[in-house]
Novice: 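I have a structure I would like to understand better, so I am pasting it below and will then ask my questions one at a time.
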Amino acid sequence: AKAFLFSWHTSLHHVFHQTLAKDVNIFFDELEGVNSPSKDDDSLLHHGNLTSTSDDASRLEVVGEEVPDKNKTNGLYFRDGKCRIDYILVYRKSNPQTEKREVFERNIRAEGLQMEKESSLTNSDIIFVKLHAPWEVLGKYAELMNVRMPFRRKIYYLHRRYKFMNRIEKQISRFRGWLPRKPMKLDKETLPDLEENDCYTAPFSQQRIHHFIIHNKDTFFNNATRSRIVHHILQRVKYEEGKNKIGLNRLLSNGSYEAAFPLHEGSYRSKNSIKTHGAENHRHLLYECWASWGVWYKYQPLDLVRRYFGEKIGLYFAWLGWYTGMLFPAAFIGLFVFLYGVTTLNHCQVSKEVCQATDIIMCPICDKYCPFMRLSDSCIYAKVTHLFDNGATVFFAVFMAVWATVFLEFWKRRRAVIAYDWDLIDWEEEEEEIRPQFEAKYSKKERMNPISGKPEPYQAFADKCSRLIVSASGIFFMICVVIAAVFGIVIYRVVTVSTFAAFKWALIRNNSQVATTGTAVCINFCIIMLLNVVTSETLIIFFTEQPRTESEWENSFTLKMFLFQFVNLNSSTFYIAFFLGRFTGHPGAYLRLINRWRLEECHPSGCLIDLCMQMGIIMVLKQTWNNFMELGYPLIQNWWTRRKLRQEYGTQGKTSFPQWEKDYNLQPMNAYGLFDEYLEMILQFGFTTIFVAAFPLAPLLALLNNIIEIRLDAYKFVTQWRRPLASRAKDIGIWYGILEGIGILSVITNAFVIAVTSDFIPRLVYAYKYGPCAGQGEAGQKCMVGYVNASLSVFLVSDFENRSEPTSNGSEFSGSPLKYCRYRDYRDPPHSPVPYGYTLQFWHVLAARLAFIIVFEHLVFCIKHLISYLIPDLPKDLRDRMRREKYLIQEMMYEAELERLQKERKERKKNGKSYHNEWP
């Protein structure tokens, strides 16, 4: 078997070099031939109409070959009804790049591709070039590209089980009989039998073609594989004399062609029900079983998605489905924490004391216009704070840190299973081409490529370092712009709180701080979206250095774009969580911004309510806006196109258009591929984990959004976008490293949120050190009696600065001017030896906060690393299956070759030919 595999590999290597040598001889005409009128526009161009048929097709019918009428009218075949369209190129007659295009198309035909042209029904200037790859071309390039194809059905075997285990399984199966019949599973009767999932696969070889299961050569390679092979050819065809004047991408970038795309497999709608008449095509099947809102609760048909859109898009939806599924336990625990706060609200001693503190008068929260207020006026805010900041918050923070690790570790296992099922285990990316921008910039300097052995443009080390410095400086400048925007929001909050405090409406005047926070969050969201649109993509592309290949450029662009978007989205949240109310000073000695504006203080109930409002509003608004832009923009664009077509051709014209015309009128996929889809989900993952201790409902909101997101993306891919090229990928790329970084950052931020932002540590210190239970080792609600009074300091009203002295003297509370007011801090009273100095309790709380941060981080990081160590990246059963499959493939290939040689030997004997020393 080893000798056979070696000989097969040698023959493949020989065929590859022969084909590569042949491909180098690109076909070019002489100069006068190029300047002569091209035969492309004469012999291949058909003027489009709604009902006309081709002369070639009629001649075929006369000969006697029966061609289905459906093939001629559905727009998926050439005009003869036999050659399936594998790829579409679109250009305009008025485009001046005619010479390059003519050479390119002649070289396409020299490669063996068949071509047919047709003018657009809506615009005679637009020409569609239809390409078809015959069997010989498909077989040749499938072998070069190592396309794996099915060659033998899988043999399933059962593990040996003991009688006891069999009895348990029987009891479990009886119990399952009483349960619903797996409502989330898709109906197997509606899904086609995907043969490649039930067969062993091997790299295609024309010499061993008899080993593969070929029922029909026209359908052996599916449509996605055919379009990928054609695209592979187009990327290696020359269009002009000279080095690197090659490939479809360069022709698209210089405007020779307007668009290039594979066709959708017909309409996604049908007059007949899929349950009674079956699916019309794979696109219709995907719409009914995946993109329809009626199946929102069912699992995704990932194998069908991979078959239609390719492995790269299939992996994105597999990751999105896995992330959504893992959000269920996080959302359940977060909802439990919130409900725990609701049920224990009436037993919370702190909120009780706040609501009953009618005799405690708080100092004004802003200069001049803010009045004195009773602490009991913040009763509602104290209760709302308890809903998110309660005894279960620390447990939830630890749980989410562990959840992030479990999510990533189990995704690696899930990805391994998918890679095995989709034949991606042994797949390696091809040597990438050099980016045209890199080539144009560094074409003067060349060096030998160690892999291909050919000279290529070279970027000097000094130039690379200088570009990295410029790029880093540009990103730093953009981050500074974001920080400046946050600084503007801070000034707005400081100025507006005084304005709202003097407002005419009592509702706003009495809730000036909440109104300030709400409006500031909305303005902040508008600034976030404005910066995303105005500065992000354009400037980041400008500041991205010049990498050699497209994947290097994508990784660099992705990292920079994520950093900018992450800082833009979370900078104001970081300010509220860790800086708001921390550096304000105290009454009589407030710290001021530019020696003018007094820094904003937290609400008497704490700063956590501000953080909850920030996260809730930003998360809901951003997810709603993203979903609208993802689906709304393509819907509006396509609706406008359909409206113009109806005005010109009536209501029946659009339905009679061929498939290439319909697909051309759809929106092209994003120029950055799946970048926007991944970025949206990664930023949501950060929002869900980084500040989850302050907002336990974040996983629930993310779950609800993702359930909608899956169907929105599916609907967009199936109905609103042109069919993207089926690309291969082994994983989600650089995004996995970003997810790991967010998981580490979330541990640190949640430790600081619990220790600094919430009142968990001050309450714990009071319960064990200063409360009624001090020294007893208890920390129940009875131990919190007197906590509110202990957390407030006393201020002498006469010590106010002139510019911060309130307009009212507080006589409305007791009938006489107030002498003292209270504020949140641990400071000595005004008549102490050191007025307004820090008390011993302040230092105890500070030490406890630092100790908690250290202990929490080390404990959680140890748990994360332990989980990472205990969970293997590859499931044991998958490892065994891979080893067994490798062994069976070797045996099957050996048996098949042996059988072929025996048949040849028998045929030789029948023909009277015999050879001595034959094997076997």
Side-chain angles (χ1 to χ4, degrees), residues 76 84-89 113 131-133 137-138 141-142 144-150 192 194-197 201 203-204 218-236 247-249 252 259-266 268 281-287 290-291 300-320 418-419 421-424 427-430 432 550-551 554 659-660 663 666 668-675 677-678 713-714 716-733:
L76 299 176
R84 189 177 187 91
I85 300 173
D86 297 321
Y87 213 81
I88 292 289
L89 302 177
L113 296 181
L131 300 178
H132 168 74
V137 176
L138 291 173
Y141 279 95
L144 292 178
M145 296 169 63
N146 288 324
V147 177
R148 299 182 69 90
M149 300 304 295
L194 301 180
E195 190 174 64
E196 57 265 30
N197 292 337
T201 61
F204 182 77
D218 294 335
T219 58
F220 178 64
F221 296 103
N222 61 46
N223 295 331
T225 304
R226 295 174 68 101
S227 62
R228 185 156 56 91
I229 291 174
V230 173
H231 182 79
H232 176 88
I233 297 172
L234 297 179
Q235 291 296 92
R236 286 154 180 79
L248 176 63
N249 285 347
L252 289 171
F261 53 89
L263 285 180
H264 278 295
E265 298 180 8
Y268 63 89
N281 50 64
H282 282 137
R283 188 187 187 194
H284 178 216
L285 183 63
L286 278 173
Y287 177 77
W290 183 48
Q300 300 181 84
L302 293 177
D303 290 327
L304 196 61
V305 175
R306 171 245 183 170
R307 182 185 183 121
Y308 194 84
F309 291 110
E311 286 80 3
K312 194 170 187 177
I313 294 176
L315 269 173
Y316 163 71
F317 282 103
W319 176 84
L320 180 57
I418 291 174
D421 291 337
W422 291 356
D423 289 324
L424 298 172
W427 177 76
E428 295 293 338
E429 293 188 23
E430 300 176 0
E432 288 190 84
E550 196 67 29
S551 63
E554 286 181 1
Q659 189 63 42
W660 58 81
D663 286 6
L666 295 177
M669 188 179 176
N670 194 311
Y672 307 108
L674 294 168
F675 171 79
E677 280 72 22
Y678 273 117
D713 284 348
K716 177 177 61 180
F717 272 93
V718 173
T719 68
Q720 302 302 310
W721 278 0
R722 296 173 190 163
R723 186 177 183 176
L725 181 70
S727 303
R728 306 202 85 191
K730 294 182 68 171
D731 49 36
I732 61 175

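No experiment lies behind these values; they were computed from the predicted model shown.
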Novice: Could Asp713 and Lys716 be called an ion pair, given the rule that one side-chain N must be under 4.0 Å from one carboxylate O?
Specialist: yes
Novice: What is the minimum heavy-atom distance between Met669 and Pro724, and which atoms define it?
Specialist: SD-CB, 3.4 Å
Novice: Under the criterion side-chain contact (heavy atoms from CB on, under 4.5 Å), which of Asn281, Leu666, Asn223, Thr719 is the partner of His264?
Specialist: Leu666
Novice: Tell me the closest heavy-atom pair linking Pro262 and Ser227, and the distance in Å.
Specialist: CB-CB, 3.7 Å
Novice: Any side-chain heavy atom of Phe309 within less than 4.5 Å of one from Val718?
Specialist: yes
Novice: For residues Val305 and Gly314, report the shortest heavy-atom separation together with the two atoms involved.
Specialist: CG1-CA, 4.1 Å
Novice: Which heavy atom of Pro301 sits nearest to which heavy atom of Trp290, and what is that distance?
Specialist: CD-CD1, 3.6 Å
Novice: Per the side-chain contact (heavy atoms from CB on, under 4.5 Å) rule, which among Leu131, Val137, Leu725 passes with Val230?
Specialist: Leu131
Novice: Do His232 and Arg228 get their side chains close enough for a donor-acceptor pair, meaning under 3.5 Å?
Specialist: no
Novice: For a 4.5 angstrom cut-off between non-hydrogen side-chain atoms, does Leu286 reach Tyr268?
Specialist: no
Novice: Taking all heavy atoms of Ala729 and all of Leu424, pick out the closest pair and write down the distance.
Specialist: O-CD1, 3.2 Å
Novice: Quick one: does Arg307's side chain get under 4.5 Å of Asn222's, heavy atoms only?
Specialist: yes
Novice: I want to check something: taking the side chain as every heavy atom from C-beta on, are Tyr141 and Leu144 in contact at a cut-off of under 4.5 Å?
Specialist: yes
Novice: Quick check: closest heavy atoms across Trp422 and Arg728, and the distance to 0.1 Å?
Specialist: O-NH2, 3.4 Å
Novice: Do Arg283 and Tyr308 meet the cation-pi criteria used here (NZ or CZ under 6.0 Å from the six-membered ring centre, within 45° of the axis)?
Specialist: no
Novice: Would you check if His284 and Glu265 make a side-chain contact, meaning some heavy-atom pair closer than 4.5 Å?
Specialist: no
Novice: Relative to the ring of Phe717, is the ring of Phe317 parallel (under 30°), tilted (30 to 60°) or perpendicular (over 60°)?
Specialist: perpendicular
